[in-house]
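Okay, structure first, notes after.
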There are 2 protein chains.
Amino acid sequence: MDTTQEHSEALDLPFNVFAKACPSRITLEHLTGRWGALTLGALYEGSLRFNELRRRVDGVSEKMLSQTLHALERDGLVHREAQPTNPPRVDYELTPLGREVAKRLIGLIHFVEGHMADVLDARRRYDETRGAL
Amino acid sequence: MDTTQEHSEALDLPFNVFAKACPSRITLEHLTGRWGALTLGALYEGSLRFNELRRRVDGVSEKMLSQTLHALERDGLVHREAQPTNPPRVDYELTPLGREVAKRLIGLIHFVEGHMADVLDARRRYDETRGAL
DNA sequence: CCGTATCCGATGCGATACTG
DNA sequence: CAGTATCGCATCGGATACGG
């Protein structure tokens, strides 16, 4: 048998997001947090500079983008390449691990975007039956 | 050509999470929020009752689980089935749409869990080089 | 251009208590 | 059992200002 990486249920394997104290839960939150998924998604197409990224991820503040990038860099998903020129130029790109994660997030994003009509319908029905009470 | 559901870049198609005002962004946040992903993941294996779910998603409070379930139900990802018995019994299960989403989230979760060693290594390296400054 | 520092309001979220 | 209501702290997160 091989013990590579099957689990996540109620198993006693090394990492399990469903367990309160598991570090994988923190990392999952970095990826799926409000800006994490969008940042990784934006970088999936290629390396981007700070302000390019900021324009692409519409609505993100400098503070949050910076914070998000730090967390993702620390987790080894994003690589930061600073050139000591003037004016400074900094490129962000996905690491191989980051690409894998981003690919999955993009899949999820596309799926959601493609089914928003269904979601909106469901919401309308929900609100109608509830509002009518 | 078919216009089923390809997009998400800077296209002008109906829904684009990268755009600030797009409703798809809200939905994505429901899915990927702190408890959304775990709740959907837990329900992937089958229908669960409120307190079963609560035990399974370790650390979630009644309030947040309730709130999360409402959001997911409203978005049409979770179906709530209440039986008017005493004591009351309420089962939550994924809708077909919810199953699709959950499947992708589970994939992401398993990937993260399976690569936490890499992430932890990256963090250690990051913290060492930064702490040494 | 690439950020960090500070202020401060909005929201998230857990703890607790209470209802059907 | 399956929730809702309320409280209060903590974190999120935008706006602004400043520094390399």
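Each chain gets a letter, A, B and so on, in the order the sequences are listed, and its residues count up from 1.
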Checklist entry - With side chains defined as the heavy atoms from C-beta onward, is the minimum distance between Met116(A) and Leu120(A) less than 4.5 Å? => result yes

Next on the checklist: Please confirm whether the shortest side-chain N or O distance from Arg80(A) to OP1 or OP2 of dG3(C) is below 4.0 Å.
Outcome noted: yes

Checklist entry - Start at the 5' end of DNA chain C and walk down; is the nucleotide closest to Glu62(A) or to Pro87(A) reached first? => result Pro87(A)

Checklist entry - CH2 of Trp35(B) versus C1' of dG12(C): gap in Å, rounded? => result 11 Å

Checklist entry - Does Arg49(B) count as lying over the ring of Tyr92(B), i.e. NZ or CZ under 6.0 Å from the six-ring centre, within 45 degrees of the axis? => result no

Item to check | Passing option when Leu48(A) is tested against Arg54(A), Glu93(A), Arg56(A) for side-chain contact (heavy atoms from CB on, under 4.5 Å) | outcome: Arg56(A)

Next on the checklist: Measure CG/Leu48(B) against P/dC1(D) and give the value in whole Å, please.
Outcome noted: 14 Å

Next on the checklist: Would you say His70(B) places a side-chain N or O within less than 4.0 Å of OP1 or OP2 belonging to dT4(D)?
Outcome noted: yes

Next on the checklist: Under 4.0 Å from OP1 or OP2 of dC1(C): is there any side-chain N or O of Asn86(A) that close?
Outcome noted: no

Item to check | Residues Asp121(B), Arg124(B): salt bridge by 4.0 Å N-O rule | outcome: yes

Item to check | Phosphate contact (dA2(D) OP1 or OP2) by Arg49(B) side-chain N/O below 4.0 Å | outcome: yes

Checklist entry - Nearest-Å distance, CD (Glu29(B)) to C1' (dA10(C))? => result 14 Å

Checklist entry - Between Thr68(A) and Met64(A), is there a donor-acceptor pair closer than 3.5 Å when you use the side chain of the first and the backbone of the second? => result yes

Checklist entry - When you measure from the side chain of Lys63(B), which nucleotide among dA15(D), dG3(C), dC13(C) comes out closest? => result dC13(C)

Checklist entry - So, is Tyr92(B) near the phosphate of dC1(D), with a side-chain N or O under 4.0 Å from OP1 or OP2? => result no

Checklist entry - Between Leu69(A) (CG) and dC1(C) (P), how many Å, whole number? => result 17 Å

Item to check | Atom pair distance, as rounded to whole Å: CZ in Arg89(A) and C1' in dG3(C) | outcome: 16 Å

Checklist entry - Whole-Å distance between dA2(D) C1' and Glu81(B) CD? => result 15 Å

Checklist outcome for this item: Whole-Å distance, Leu65(A) CG to dC1(C) P, equals 14 Å

Checklist outcome for this item: Out of dG3(D), dG14(D), dG20(D), minimum distance to the side chain of Phe50(B) belongs to dG3(D)

Item to check | Distance in angstrom units between Gln83(A) CD and dG3(C) C1', rounded | outcome: 16 Å

Checklist entry - According to a strict under-4.0 Å criterion, is Ser66(A) in side-chain N/O contact with OP1 or OP2 of dT4(C)? => result yes

Checklist entry - Asn51(B) side chain: which of dA2(D), dT6(C), dC2(C) is closest? => result dA2(D)

Next on the checklist: As a test of reading the structure: which of dC1(D), dC1(C), dG14(C) is closest to the side chain of Met64(B), going by heavy atoms?
Outcome noted: dG14(C)

